[in-house]
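Order of the sequence lines fixes the chain letters, A, B, ..., with proteins taken first and strands second; residue numbering starts at 1 for each chain.
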Amino acid sequence: MNVVPIRELARHVGETVTLRGWLYNRTAKGKLVFLQVRDGSGICQCVVFKPNVSDAVFQAADKLPQESSLIVTGTVRADARAPGVPGGYELDVASLEVIQRAEEYPIGPKEHGVEFLMDHRHLWIRSSRQWAVLRVRATVMRAIREWLDAHGFIEVTTPILTPSAAEGTTTLFKVDYFDDTAYLAQTGQLYNEAGIFAFGKVYCFGPTFRAERSKTRRHLTEFWMVEPEIAFCGLDELLEIEEQFVTHIVQTCLRQNAEELKLLGRDTSRLERVVPPFPRLTYDEAIQTLQHIQAQLQAGQIVRRADGQPLQDIPDPSLLDITWGMDFGSPHETALTQLYDRPVFVTGFPTAVKAFYMQPYPDRPEVCKSADLLAPEGYGEIIGGSERISDAALLEQRLREHGLPLEPYAWYLDLRRYGSVPHSGFGLGVERTVAWICGIEHVREASPFPRLLNRIYP
RNA sequence: UCCUCGAUAGCUCAAUGGGCAGAGCAACCGGCUGUUAACCGGUAGGUUACAGGUUCGAGUCCUGUUCGAGGAGCCA
């Protein structure tokens with residue numbers, strides 16, 4: 001039995017091969033039955049022609065329900081008419097064995113609603129679009145480790161059960177920890193900062209948890225984040241690392257997932273433009289730009305990008321209200337990113353709206369050495385990063401200003417007492433990155449089993 | 001937490017101003033040698049989310065509840 005993955009069928013034209021998989025769709029046409037068979041690597045059309053097979057095989061093929069498991073053997077031939085992934089090749093069936101006749105399958109080839117699909121997420125991941133997205137996700141995760149490992153970073157795992165908030169503001173999931181309370185980690189950053197003093201460059205990569213009551217296309221309560229941290233690194237160097245890193249991820253997906261991106265209908269020319277340098281905008285400039293865009297919109301003018309193209313998603317001008325000192329909302333991010341053809345850095349946010357550990361500019365302490373990287377096409381912030389405060393006294397002062405207790409941060413303050421150095425790091429959200437690369441509407445489809453507000457099944 | 005919208009067949013949706021509950025897909029039966037979400041003919045499929053109210057009469061109007069979707073805030 002010459003079992004071949006569908007992805008490699010092109011190399012076996014003329015040979016007799018066996019496919020093992022599941023029936024994705026079936027079209028019967030008299031003496032011809034077209035079976036679209038998935039095997040996990042792709043989808044292949046298997047043609048059952050009545051005169052070529054036994055009556056038993058033809059009967060089995062003719063009545064086979066969707067998602068039945070089967071083993072099918074036949075001759076590979078090239079045919080431009082053959083649909084599938086990658087398509088263009090089909091199997092002229094000689095024999096077929098049904099492993100299990102599936103019960104009536106709930107997910108049909110027509111459209112379904114979000115709630116129904118999410119209730120059937122365990123089955124939905126078999127559908128070709130979901131399959132493609134999750135394969136891109138696997139590439140993104142592989143590319144992340146590839147790049148970091150190749151650039152001298154050490155993966156140091158950080159705890160998921162943690163004793164307290166890193167940034168007092170965000171809501172955490174509380175769990176019983178014997179007779180005490182613990183929280184699910186929302187970041188590994190503080191532990192990474194300990195790691196760099198041992199290893200120089202480290203990263204953690206795993207799930208993080210936010211108990212925010214957010215219900216938008218950009219939010220999950222459990223999502224994956226990679227957080228690199230680098231000793232002897234300032235903000236400018238950090239931005240160069242980030243743009244190289246993101247470029248590697250995007251370009252790897254373009255190389256390795258061309259088939260998946262095609263299936264998703266992604267305009268890959270927009271991803272091909274993702275190469276360094278990414279535009280850098282200060283917060284001050286961004287505020288001016290946003291106020292200018294709002295004024296243009298309110299005057300009924302068309303807002304144009306640098307290349308002369310008008311903005312595609314026209315935001316409601318009233319949502320663009322912003323004055324110096326305010327953090328960006330998502331309408332601001334959407335408006336800003338539309339001006340550029342690649343991700344854009346915004347640096348130097350007001351110290352007051354950012355986390356306590358971010359290094360203020362010495363000559364201008366009201367802004368800090370922070371940088372967000374905003375993805376194009378409305379996918380929002382995919383990276384948040386900063387240079388960290390390296391001076392113990394200043395860090396302690398900032399903790400006090402944020403009303404945070406010093407005791408839980410004693411070990412963190414210690415790091416500034418034994419060989420403190422300037423250092424920087426960032427966190428990249430995997431699902432937002434995947435959603436952007438795939439061009440999908442909602443981050444929930446970028447996770448195999450997404451956890452959302454009001455959604456923890458299946 | 002707030003704003004907007006929604007819930008009718010397994011799924012996606014329709015049902016004029018309150019007047020017989022309907023279609024496509026899926027399922028089942030039949031037809032067809034190139035289908036691409038095939039097509040053609042047929043069968044079956046309903047406590048209109050739940051509770052109450054108005055009315056001769058409610059899927060439709062009113063009140064409440066539950067669940068869902070999109071967005072805001074917050075964030076990656």
From the options U35(B), A27(B), A72(B), select the nucleotide whose nearest atom is closest to the side chain of P83(A). U35(B)
Could you tell me how the ring of H120(A) sits relative to the ring of H122(A): parallel (under 30°), tilted (30 to 60°) or perpendicular (over 60°)? parallel
On a whole-Å scale, what distance lies between the P atoms belonging to C3(B) and U63(B)? 15 Å
Can you tell me if R217(A) touches the phosphate of G71(B), counting only side-chain N or O atoms and a distance under 4.0 Å to OP1 or OP2? yes
Distance check: side-chain N/O of K29(A) vs OP1/OP2 of U33(B), anything under 4.0 Å? no
Within the 4.0 Å heavy-atom criterion, would you say G113(A) contacts the bases, only the backbone, or no part of the nucleic acid? sugar-phosphate
Using only modelled atom types and a 3.5 angstrom limit, is any donor from either the side chain of K215(A) or the base of A72(B) paired with an acceptor on the other? no
Name the orientation class of the two ring planes belonging to H151(A) and W147(A) (parallel below 30°, tilted from 30 to 60°, perpendicular beyond 60°). parallel
Donor-acceptor pair (no angle test) under 3.5 Å: H219(A) side chain, C75(B) base: yes
Closest listed nucleotide, where the reference is the side chain of K63(A) and the choices are C75(B), G34(B), C29(B): C29(B)
With rounding to whole Å, what would you report as the distance between A23(B) and G45(B) at their C1' atoms? 13 Å
hbond_proxy R77(A) side chain to G34(B) base (donor-acceptor, 3.5 Å cutoff): yes
Less than 4.0 Å between a side-chain N and a carboxylate O, is that true for R388(A) and E229(A)? yes
Please pick, from A76(B), G70(B), C75(B), the nucleotide with the shortest atom-to-atom distance to any side-chain atom of H442(A). G70(B)
Rounded distance in Å - CZ (F328(A)) to P (C74(B)): 12 Å
Does a distance-only test, which skips hydrogens and angles, find a donor-acceptor pair under 3.5 Å between the side chain of S214(A) and the base of G73(B)? yes
How is E431(A) classified with respect to the nucleic acid when contacts are heavy atoms under 4.0 Å: base, sugar-phosphate, or nothing? nothing
Consider the side chain of E104(A), meaning its heavy atoms from C-beta on, and name the nucleotide among A27(B), A76(B), A37(B) that approaches it most closely. A27(B)
Could you list the residues that satisfy side-chain hydrogen bond (donor to acceptor under 3.5 Å, both in side chains) with S127(A), not counting sequence neighbours? none
P spacing across the pair G10(B) / G17(B), given as an integer number of angstrom: 28 Å
Measure the acute angle between the ring planes of F349(A) and Y283(A), then classify it against the limits of 30° and 60° as parallel, tilted or perpendicular. tilted
Can you tell me how far C1' in C50(B) sits from the matching atom in C40(B), rounded to whole Å? 42 Å
Would you mind reading off the distance between Y457(A) atom OH and G68(B) atom C1', rounded to a whole angstrom? 17 Å
Over all strands shown, is G329(A) touching base, sugar-phosphate only, or nothing at heavy-atom distances under 4.0 angstrom? sugar-phosphate
More than 12 heavy atoms of other residues, nucleotides or ligands under 6.0 Å from CG of D267(A): is that the case? yes
Give the C-alpha distance, both sets of side-chain angles, the deciding distance and a yes or no for salt bridge (Lys or Arg N to Asp or Glu O under 4.0 Å) between E67(A) and R38(A). CA-CA 9 Å; E67(A) 288 304 321; R38(A) 315 183 280 110; 2.7 Å; yes
Taking C67(B), A69(B), C28(B) as options, the one with an atom nearest any side-chain atom of R101(A) is C28(B)
Under 4.0 angstrom, heavy atoms only, what part of the nucleic acid is D79(A) near: base, sugar-phosphate, or nothing? base
Does the ring of F34(A) meet both stacking tests against the six-membered base ring of G34(B): centre distance under 5.5 Å and plane angle under 30°? no
Counting only distance, no hydrogens or angles, is the base of C75(B) paired donor-acceptor with the side chain of R432(A) under 3.5 Å? yes
With a 4.0 Å limit, can you tell me whether R444(A) has a side-chain N or O closer than that to the phosphate oxygens OP1/OP2 of G70(B)? yes
Of all the nucleotides listed (A76(B), U35(B), A69(B)), which has the minimum atom distance to the side chain of V114(A)? A69(B)
Roughly how many Å apart are A58(B) and G6(B), using the P atom of each and rounding to a whole number? 22 Å
Any donor-acceptor N/O pair under 3.5 Å between G34(B) base and E90(A) side chain: yes
What nucleotide, of A76(B), G34(B), A72(B), holds the atom closest to the side chain of V47(A)? G34(B)
Counting the atoms with a prime plus P, OP1 and OP2 as sugar-phosphate, which does L428(A) contact under 4.0 Å by heavy atoms, base, sugar-phosphate, or nothing? nothing
Below the 4.0 Å mark, does G68(B) have OP1 or OP2 next to a side-chain nitrogen or oxygen of N454(A)? yes
